[in-house]
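Below, each value reflects all heavy atoms present in this structure, side chains not excepted, and no hydrogens, waters or symmetry copies. Per chain, numbering begins at 1; letters A, B, ... match sequence-line order.
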Protein chains: 2
Amino acid sequence: MSHLGYCRLMPFDHEQVLRSAAALLTRKSTATMDEVARAAGIGRATLHRHFAGRDALVGALESLGIQEFEAALDAAGLDEGSAEDGLRRLITAVQPSAGLLSFLVTENQLFEGDDVDEGWSRLDARVAAFFRRGQERGEFRIDLTPAWLTEALYGLIGSCAWSVQAGRVAAQDFPHMIVELLLGGARRSVEK
Amino acid sequence: MSHLGYCRLMPFDHEQVLRSAAALLTRKSTATMDEVARAAGIGRATLHRHFAGRDALVGALESLGIQEFEAALDAAGLDEGSAEDGLRRLITAVQPSAGLLSFLVTENQLFEGDDVDEGWSRLDARVAAFFRRGQERGEFRIDLTPAWLTEALYGLIGSCAWSVQAGRVAAQDFPHMIVELLLGGARRSVEK
DNA sequence: CCCAGATGAGACAAGAACGTCTCGTCGAGA
DNA sequence: TCTCGACGAGACGTTCTTGTCTCATCTGGG
């Protein structure tokens with residue numbers, strides 16, 4: 001081949017491996033490199049050929065999660081229309097990545113990353129800014145800080161992803177459950 | 001000494017060790033037995049004398065968490081007064097255990113316990129039943145299932161505990177942030 | 001048909017953590 | 001004062017994981 005280092009069919013799907021790794025690590029954060037490899041249907045040696053060690057693997061997962069979350073933020077068009085609709089679009093867009101994100105969120109709670117932190121803080125800022133704009137526009141209450149709403153969003157995404165995986169919530173209800181709880185709360189429309 | 005196996009001053013505070021272990025494992029779930037011992041201010045040998053291995057340690061944490069959560073459920077008096085007040089009392093009562101509980105919740109997502117599962121499913125049932133009663137009394141909306149509200153509660157407790165620890169939320173606001181978000185949601189009182 | 005590149009399987013050593021053990025020390029009670 | 005019990009420190013062997021290596025196999029391209 002002349003250009004593009006690799007152009008074979010697909011003996012190794014870089015992203016597919018990361019997908020299955022995320023799916024496994026979400027459930028078992030202490031999974032072995034061998035388990036990750038088996039879950040991806042490849043050999044442990046091959047896994048090491050593409051990711052130099054466990055750190056590199058979680059680093060790649062980190063990058064993938066950041067990229068996907070950022071793409072979801074872009075695709076949601078948070079500034080178009082009402083904040084409520086924007087949030088709804090965001091959650092719908094983020095649903096495919098929910099498992100990966102919940103893994104990364106719990107992982108980062110300790111992992112004092114270096115440049116990774118930079119990526120997350122930027123995304124955190126975008127989400128917090130969205131909630132702040134919603135407050136300024138009078139759509140969101142002001143007694144709940146943007147930072148807390150951001151963390152709560154992450155927590156609910158993780159909880160709902162887990163509930164879906166456990167069969168306690170239907171996958172199609174994912175956006176509804178999160179948006180309705182996060183925006184409307186559990187209290188029944190207190191008359192009016 | 002005549003009765004009560006041990007009645008020394010307190011060269012070893014069983015519960016205090018579990019406390020510090022929970023605090024450490026909440027932040028670093030892969031912490032070493034040695035790290036756990038050091039964090040508790042005891043030697044690794046002593047730790048092994050009281051907890052036969054890591055499994056026994058997390059088992060004890062599991063029991064402690066179940067016990068504390070159950071005590072919080074009892075103390076909250078969920079059936080007295082409005083469901084909203086009951087939830088408020090529950091969250092206030094559970095705040096001291098929030099760190100431990102969030103650790104156990106994420107831990108149990110894989111740990112297919114044996115008798116441990118029994119304890120958690122019983123507590124889950126109590127919480128879900130509380131939300132169901134709230135629905136039947138017309139206080140909670142019915143489009144959010146009790147199972148989801150239960151999981152969401154756990155998620156918000158974990159998120160808020162983490163936010164407090166990270167300094168993004170004041171500890172005194174813990175109950176308010178959770179209750180207001182869980183019950184009222186972020187949407188501003190949609191006029192009336 | 002032959003060759004290059006990538007894979008899977010397995011062997012190998014290094015390191016980490018675990019669980020157990022012994023030993024010296026210290027404090028409380030007899 | 002003496003003794004018993006528990007602790008801290010540390011050594012030791014075992015197990016598990018990791019990272020690297022080699023080798024046989026397979027596939028696609030020349």
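Per the geometry, CG belonging to L47(A) stands 13 Å off C1' belonging to dT17(D), to the nearest Å. Summarising the geometry, the separation between CZ on R54(B) and P on dT20(C) is reported as 15 Å, rounded to the nearest angstrom. The NZ-C1' distance, from K28(B) to dA16(C), rounds to 12 Å in whole Å. Atoms CG (D34(B)) and C1' (dT20(C)) sit 15 Å apart, rounded to a whole Å. Rounding to whole angstrom units, NE2 of residue H48(A) and C1' of dT22(D) are separated by 16 Å. The CD1-C1' distance, from I42(B) to dT25(C), rounds to 17 Å in whole Å. Atom CZ in F51(B) sits about 21 Å away from atom P in dA17(C), given to the nearest Å.
By the 30° and 60° cut-offs, the orientation of the rings of F140(B) relative to F130(B) is perpendicular. Classification of the F69(B)-W120(B) ring pair by plane angle, with boundaries at 30° and 60°, yields tilted.
In terms of position along DNA chain D, the nucleotide closest to E35(A) lies nearer the 5' end than the nucleotide closest to the other residue of the pair E35(A) and A45(A).
Listed pair R38(A) / dA9(C) meets the phosphate criterion, a side-chain N or O lying under 4.0 Å from OP1 or OP2. In this model, the phosphate group of dT7(C) is not approached by any side-chain N or O of T46(A) to a distance below 4.0 Å at OP1 or OP2. Taking 4.0 angstrom as the limit, H50(A) places none of its side-chain polar atoms (N or O) nearer than this to OP1 or OP2 of dA6(C).
Taking 3.5 Å as the limit, the base of dG8(C) and the side chain of R49(A) contain a donor-acceptor pair of atoms between them.
E35(B) places a side-chain N or O within 3.5 Å of a backbone atom of T32(B) that can act as its donor or acceptor partner. Side-chain atoms of R126(A) never come within 3.5 Å of backbone atoms of R122(A) as a donor-acceptor pair (strictly under, hydrogens ignored).
In this structure, R44(B) reaches the bases: a heavy-atom distance under 4.0 Å links it to at least one base atom across the strands shown.
Here the options are L149(A), D143(A), T145(A), the test is side-chain contact (heavy atoms from CB on, under 4.5 Å), and the partner is M177(B); only T145(A) passes.
The side chain of M33(A) has dT18(D) as its nearest neighbour among dG8(D), dA17(C), dT18(D).
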